[in-house]
**Student:** 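Handing you a structure now.
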Amino acid sequence: MSDAAPPRHEALHRTASPGPPPSGPSGPEPLPSLAPLLAQWLPRQRWFAGKGSPVTGFTLVTAAEILPPTGTAPGLLHLLVRAHQPAAGTDDCYQLLLGVQDLLPHRLAPALIGRPDDGPLRGRAVYEALADPRLAALLLERLRVPGRLGPLRFGREPDAEIPTGLVPRPLDAEQSNSSVVYGDTYILKLFRRVGPGINPDLELPRALARSGCTRVPAPAAWFEADAPEGDEPMTLGILQPYLAGSADGWQLALGALAVRADFTASARALGHATAEVHHALATALPTTVLHHERLRRIADAMHRRLDAAAEVVPALRPYRHALRAAYDELTAHQAAVTTRRAQRVHGDLHLGQALRTAADGRWSLIDFEGEPARPLAERRRPQPVEQDVAGMLRSFDYAAAVGRAGGTWAARAREAFREGYAAGRPGPGEDPWLLRAHETDKAVYEVVYEARHRPDWLPVPLAAIARLAARADGAARP
Ligand SMILES: Nc1ncnc2c1ncn2[C@@H]1O[C@H](COP(=O)(O)OP(=O)(O)O)[C@@H](O)[C@H]1O
Ligand SMILES: O=P(O)(O)O[C@H]1O[C@H](CO)[C@@H](O[C@H]2O[C@H](CO)[C@@H](O)[C@H](O)[C@H]2O)[C@H](O)[C@H]1O
C-alpha cells in the first residue's frame, strides 16, 4: 500500500483538505449526497455526543480512502466531519469509517446508513465499515505499516508484533467510542468525537509502558490526523493488546454481591494496582506543586460544575449550599493541602475501567481518556490523585446500590481499596479534604450523567449527594 495514495471515490476528490467554514443547511456543503443520511444516522449512535439537538449540516474536515492491496475491491472511506448543531452551539468533529457497495450482503444490512439519492454515490449502499470484516481487516493491515495516507498518519511501536490475518469482531458494548477485537489478540479503539491534541488514552499508556509499568495494556500502534490551521494532530485510534478472558471490576463486584461473596480482597488488590499506576505516572510525567492558586482554581471549577449541574437537574438544588462546604474547606485547609503535588491521573476511574484477568487474577486499568465531556486541556492537566481514588470509592457505592447490598458492603470495599492504595504507595496518604471535595464533585458529575443517560439510575448518585450534604451540615470534619 503506497503512502499518500489519492482517494479513489469521486465524492472525496474536492474535499481532501480542511473544509470550508461551518455552514448551515443552505450553505456550501461538501458532501451533499451523504449529508441527509448522516443527519439521520449520527444521532442514533450511542457514541454521538450531541443528542437532543438536530444536526443541520456537515463540513468535511479530512477524507482518505484505505485501499485493499490488490485494488480490485472497494476501500474503506475515512472521513472526519464537523456536525453543525446551532441549537446546542456546537460544531463537534466526528470520525466516520464507511464502506460502499452496490449490493449489500444480508449480514451487513444492520450496518446500512443509507443510499444517497444523487451525487457520485447515488443508489449505492453506504454502511458502517467496522461491521464488515474485510474493511476492519484492511484497517489493521494499514496500522501494521507506519507512514502517511493523505491527512492520516500511522505509527507503531517498533517492537510490537502485529500478526496478519487476525479475525476482526466489533465489540458489542455500550461505549463512548467504537472498538474492534482482532483474534482475541488486539483491540482497536476508534475515537468518535475527536479534536486537536494527543488523547490521554494514548499519551498515558504509552508513557506508562515506556516506564516499565505493566498495569496498563501498552499501545502497539495508533493513527492520527493532521488538524486544520496548524493545530496539534488529532488522535483517532489506538491498537493495544486484548486481555482475553478478563472481566471488569463492575461485573466482578456485582457477581460477588449476587452470591454474597467477599470482595474486600479484590478491592484491596485494585487499590494496590491503582497506587502502582499513580506512582509510575508521577515518575514518567511532570508533576506540579499544588500551590494555593491552583487549589483555588480547582475549588472554583468544582463550584462552577455544581452550579451548571443544578441548572440541569433541579433535584440537586436543595443540597447546593451544603455541598459547597466541601469545596470551601479545600481552600480553608490550604496549609495542609498545599504540601501535596498534582500529577497526571486516570481522570474517570471507576470499576468498569479495571480489568482482572482470570488466569492470574491481576488487575489492569484501561481507558485513560478522562471524562469525555471535559475539554482536552483540562483532562491533560496534573490533578490530585484523590480525583481517581474518589472515582473508585464512588463506584463501590454504585455497586452496593445496584446490587442491593446496603452501606456495610460499600464501606468495607471502600476501606479495603484505601488500604491497598496506601500499601501500594507509602507516603502521606490521601488528603481527607481533597478526597471529600473530589467525591462530592464526582457525585455531582454522576447526577448529570445519569439524568442524561440512565434516568432510572439517578437515585444512586442522588442518595450519595444527600449523604455528603448531611455530613457537611453535621460537622466540618471530612
Ligand atoms: N485491553 C483490553 N482488553 C480487553 N477488553 C478491553 C480492553 N480495552 C477495552 N476493553 C473492553 O472494551 C470496553 C470499552 O473500552 P473503553 O476503553 O472503556 O472504551 P470507551 O471509552 O468507548 O468506553 C471495556 O469496557 C472493556 O470491556
Ligand atoms: O463510558 P465511560 O467508561 O467513559 O464512563 C461513563 O459511563 C459510566 C457508566 O458506564 C459512568 O460510571 C458510573 O456508573 C458506573 C456503573 O455503571 C459506576 O461504576 C461509576 O462509579 C459511575 O460513575 C461514568 O461516570 C461515565 O463517565
Side-chain angles (χ1 to χ4, degrees), residues 45-49 95 130 169-194 199-202 204-205 209 214-220 235 237-254 257 267 270 346-358 362-374 379 387-403 410 413-414 417 438-439 441-454 456-461 464:
Q45 305 312 303
R46 161 74 163 87
W47 42 262
F48 179 63
Q95 174 173 207
L130 299 180
R169 144 174 84 84
L171 198 72
D172 183 20
E174 287 284 293
Q175 274 189 271
S176 315
N177 299 289
S178 300
S179 299
V180 183
V181 177
Y182 289 94
D184 273 6
T185 305
Y186 279 107
I187 180 166
L188 172 64
K189 175 166 170 177
L190 295 143
F191 297 102
R192 289 303 195 161
R193 191 162 59 118
V194 297
N199 192 305
D201 206 9
L202 174 61
L204 299 191
T214 56
R215 290 286 184 181
V216 174
T235 310
I238 304 169
L239 186 75
Q240 56 170 237
Y242 182 68
L243 303 177
S246 63
D248 72 48
W250 177 253
Q251 296 164 336
L252 291 166
L254 288 190
L257 276 163
L270 182 54
H346 180 283
D348 190 17
L349 197 60
H350 56 81
L351 282 164
Q353 314 281 38
L355 301 182
R356 199 176 72 190
T357 31
R362 205 162 182 273
W363 286 107
S364 299
L365 302 187
I366 57 163
D367 195 4
F368 283 72
E369 211 186 339
E371 287 172 12
R374 292 199 194 191
R379 290 190 266 138
Q387 184 183 339
D388 283 351
V389 174
M392 199 56 95
L393 296 184
R394 288 285 317 118
S395 220
F396 292 118
D397 181 54
Y398 255 76
V402 173
R414 287 161 61 100
F417 178 84
H438 276 290
E439 210 179 332
D441 187 48
K442 188 73 188 181
V444 167
Y445 164 84
E446 289 167 345
V447 165
V448 178
Y449 177 85
E450 300 302 354
R452 290 208 169 122
H453 298 272
R454 307 182 289 199
D456 289 354
W457 289 41
L458 188 53
V460 178

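All ligand and atom numbering here is 1-based and tracks the order in the structure.
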**Student:** Is it the side chain, the backbone, both or neither of Asp348 that has a heavy atom closer than 4.0 Å to ligand 2?
**Tutor:** side chain
**Student:** For Ala173, which part has a heavy atom under 4.0 Å from ligand 1: side chain, backbone, both, or neither?
**Tutor:** neither
**Student:** What residue and atom, counting heavy atoms only, is the protein's closest point to atom 25 (O) of ligand 1, and at what distance?
**Tutor:** Gly352 O, 4.2 Å
**Student:** Indicate, as side chain, backbone, both or neither, the part of Leu171 found under 4.0 angstrom from ligand 1 when only non-hydrogen atoms are considered.
**Tutor:** side chain
**Student:** Which of the atoms of ligand 1 are close to Pro217, meaning less than 4.0 Å from one of its heavy atoms?
**Tutor:** 1 (N)
**Student:** Between Ile366 and ligand 1, which part of the residue brings a heavy atom under 4.0 Å of the ligand: side chain, backbone, both or neither?
**Tutor:** side chain
**Student:** Is any side-chain N of the basic residue among Asp388 and Arg394 closer than 4.0 Å to the acidic one's carboxylate O?
**Tutor:** no
**Student:** Looking at Glu439 and Arg414, does any basic side-chain N land under 4.0 Å from a carboxylate oxygen?
**Tutor:** yes
**Student:** Give a yes or no on whether atom 27 (O) of ligand 1 lies under 4.0 Å from any heavy atom of the protein.
**Tutor:** no
**Student:** Please work out, at 4.0 Å between heavy atoms, whether the side chain, the backbone, both, or neither of Asp201 comes within that distance of ligand 1.
**Tutor:** neither
**Student:** Can you tell me which portion of Pro241 lies within the under-4.0 Å heavy-atom range of ligand 1? Options are side chain, backbone, both, or neither.
**Tutor:** backbone
**Student:** Tell me which protein heavy atom sits closest to atom 27 (O) of ligand 2, plus the residue, atom name and distance to 0.1 Å.
**Tutor:** Tyr445 OH, 2.5 Å
**Student:** Specify the protein heavy atom at minimum distance from atom 18 (O) of ligand 1: its residue, its atom name, and the distance to 0.1 Å.
**Tutor:** Asp367 OD2, 3.1 Å
**Student:** Relative to atom 6 (C) of ligand 1, which among Leu355, Asp172, Leu243 owns the nearest non-hydrogen atom?
**Tutor:** Leu355
**Student:** Closest by any non-hydrogen atom to atom 19 (O) of ligand 1: pick that one out of Gln175, Gln251, Gln240, Gln353.
**Tutor:** Gln175
**Student:** Below a 4.0 angstrom heavy-atom separation, can you tell me which part of Gln353, side chain or backbone, both or neither, approaches ligand 2?
**Tutor:** side chain
**Student:** If you measure from the Lys or Arg side-chain nitrogens to the Asp or Glu carboxylate oxygens, is any gap between Lys442 and Asp348 under 4.0 Å?
**Tutor:** yes
**Student:** Quick one: nearest non-hydrogen protein atom to atom 17 (O) of ligand 1, plus distance?
**Tutor:** Lys189 NZ, 2.8 Å
**Student:** Output the list of atoms in ligand 1 that are nearer than 4.0 Å to some heavy atom of Glu369, sorted by atom number.
**Tutor:** 21 (O)
**Student:** Tell me the contacting part of Asn177 for ligand 1: side chain, backbone, both, or neither, using a 4.0 Å heavy-atom threshold, strictly below.
**Tutor:** both
**Student:** Return the closest protein heavy atom for atom 11 (C) of ligand 2 as residue, atom name and distance.
**Tutor:** Tyr449 CE2, 3.9 Å
**Student:** Which protein non-hydrogen atom lies closest to atom 21 (O) of ligand 2, naming both residue and atom, and how far is it?
**Tutor:** Ser395 OG, 3.0 Å
**Student:** Should Asp248 and Arg356 count as an ion pair when the cut-off is N to O under 4.0 Å?
**Tutor:** no
